[in-house]
Amino acid sequence: MPAVTVSDVTVLPRVPEPGEAAVDRPVKSVTTAPSGFEGEGFPVRRAFAGVDLRDLDPFLMMDQMGEVEYAPGEPKGTSWHPHRDFETVTYIMDGEFEHQDSHGGGGSITNGDTQWMTAGSGLLHIERPPEALVASGGLFHGLQLWVNLPKADKWLEPKYQDLRGSESALLTTHDGGALIRLIAGELGGHSGPGSTYTPMTMAHSTISPGATVRLPWRRDFNALLYVLSGTGTVGTDRRPVRTGQAVAFGPGDTITAAADTTQESRLSGMDVVLLGGQPIREPIAWAGPFVMNTKAEVMAAFEDYQKGRLGVVPATYIPHSGARG
């Protein structure tokens, strides 16, 4: 990690440094992600555990999957499961994942790729490593982000976007101190390839040792940062952060982060995910794979799933040898 890089960041388009009149966002909270397991047993860090949902809105949760070095036969995924009324964003930095859903979406995503699935009115899907990776083992590292949909969009027809790593907008800061991979939204006049129903920005940045980034940020968006690896500081008061910690910022026009001068020898800097979105400010009723506005809607979603109304496993699905699902 990182999968997508360049030999010379100085040739990239630059995000302009905010002016002196811009208001720096203060750090509201720094939380440490607890570890757990998801799907058939792959290790995750619950990136936003402990962060107030009002600070997350429109985001719901994010899992850091790995970083883990699998032995042959160990790679794991999920069995078939339903979703309704939000979007899942799966970003793979190392390794490979296959996706298939009951609405016809699917494909393989690998180093630097993103799978953007709008569950909308509902579907079934499965995510798993390809059989060759299961047999060989290897490094696996990724993220899955859940993005809420406003009530007006919760019954949209399901949609699937397959975003290649090469499609990300590659940017740098005014002084060339960081590589920024803009996946969705807008940053300093540049746009990422992801199409979103909820206005938002998602970027992955590698901040070089000793470098500081001060980025313009929409005032009407919230602002979140998650440290994938490395150590550094956030905010103008230089709050220390490290791998597996999430930062929620207060209101303002800019966000600031800096990488420590000394990092682990295997790291090229401090890697962070930057997220911001326009808060939806609607009631949330959430149970398992369904994110609705009322408890009655959640109960209806479970009933629809049990009655097969969210779709069926496609006839083209081929289980891996010994796989469940």
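Values below: all heavy atoms of this structure, side chains included; hydrogens, waters and symmetry mates excluded.
Distance alone, capped at 3.5 Å, places no donor-acceptor pair between the Arg46 side chain and the Gly36 backbone. Here the side chain of Thr201 pairs no donor or acceptor atom with the backbone of Gly185 at under 3.5 angstrom. A side-chain donor-acceptor contact under 3.5 Å links Asn111 to the backbone of Gly95. Of the possible polar contacts, one joining the His81 side chain to the Ser79 backbone as a donor-acceptor pair under 3.5 Å is found. Judged by distance alone, the side chain of Asp271 and the main-chain N or O of Ser229 form no donor-acceptor pair under 3.5 Å. Put simply, the side chain of Trp155 never gets that close to the backbone of Glu157: no donor and acceptor are under 3.5 Å apart. A distance-only check finds a donor-acceptor pair linking the side chain of Asp57 to the backbone of Arg281 [under 3.5 Å].
The hydrophobic clustering, which links ILVMFWY residues whose side-chain heavy atoms are closer than 4.5 Å, places Leu310 and Val312 apart. Met200 and Ile280 end up in different hydrophobic clusters when Ile, Leu, Val, Met, Phe, Trp and Tyr side chains are linked at under 4.5 Å. Ile126 and Phe290 fall within a single hydrophobic cluster, where Ile, Leu, Val, Met, Phe, Trp and Tyr side chains are chained together by heavy-atom contacts under 4.5 Å. If you chain together hydrophobic residues whose side chains sit under 4.5 Å apart, Val51 and Val89 fall into the same group. In the hydrophobic cluster analysis, where Ile, Leu, Val, Met, Phe, Trp and Tyr join through side-chain heavy atoms closer than 4.5 angstrom, Phe140 is grouped together with Val44.
Annotation for Lys159: atom NZ counts as buried by contact number, over 12 foreign heavy atoms lying within 6.0 Å. The environment of Arg54 atom CZ is sparse: at most 12 non-hydrogen atoms of other residues, nucleotides or ligands sit within 6.0 angstrom.
Applying the side-chain hydrogen bond (donor to acceptor under 3.5 Å, both in side chains) rule to Gln306 yields no partners; only residues at least two apart in sequence or on another chain are considered. Under the side-chain hydrogen bond (donor to acceptor under 3.5 Å, both in side chains) criterion, Asn293 pairs with no residue, sequence neighbours left out. Qualifying side-chain hydrogen bond (donor to acceptor under 3.5 Å, both in side chains) partners for Asp162, counting only residues two or more places apart in sequence or in other chains: Arg164.
Taking CH2 of Trp116 as the reference point, atom NE2 of His99 lies at 14.5 Å (rounded to 0.5 Å). The NZ atom of Lys154 lies 12.0 Å from the OG1 atom of Thr118; values are rounded to the nearest 0.5 Å. Rounding to the nearest 0.5 Å gives a distance of 9.5 Å between CG of Leu179 and OG1 of Thr173. The distance from the OG1 atom of Thr114 to the CE atom of Met93 is 9.5 Å, given to the nearest 0.5 Å.
Within the hydrophobic cluster formed by Ile, Leu, Val, Met, Phe, Trp and Tyr side chains joined at under 4.5 Å, directly or through other members, Leu149 is accompanied by Leu156, Tyr197. Grouped with Met299 in a hydrophobic cluster is no other residue, since no side-chain heavy-atom contact under 4.5 Å to another Ile, Leu, Val, Met, Phe, Trp or Tyr is found. Other members of the cluster containing Ile255 are Val15, Val27, Val30, Leu171, Ile180, Leu182, Leu187, Ile207, Val213, Leu215, Trp217, Phe221, Leu225, Val227, Val234, Val241, Val247, Phe249, Met270, Val272, Leu274, with ILVMFWY side chains joined at under 4.5 Å, either directly or via other members.
Classification of Arg266 and Glu67 as a salt-bridged pair holds, one side-chain N sitting under 4.0 Å from a carboxylate O. Between Asp253 and Arg25 there is no salt bridge, since none of the side-chain N atoms of the basic residue sits less than 4.0 Å from a carboxylate O of the acidic one. A salt bridge is absent between Lys28 and Asp52; no separation between the charged side-chain nitrogens and carboxylate oxygens falls under 4.0 Å.
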*Gln278 and Asp220: side chain to side chain donor-acceptor pair (under 3.5 Å), yes or no, with the steps?*
CA-CA 6 Å; Gln278 193 170 68; Asp220 60 334; 2.9 Å; yes
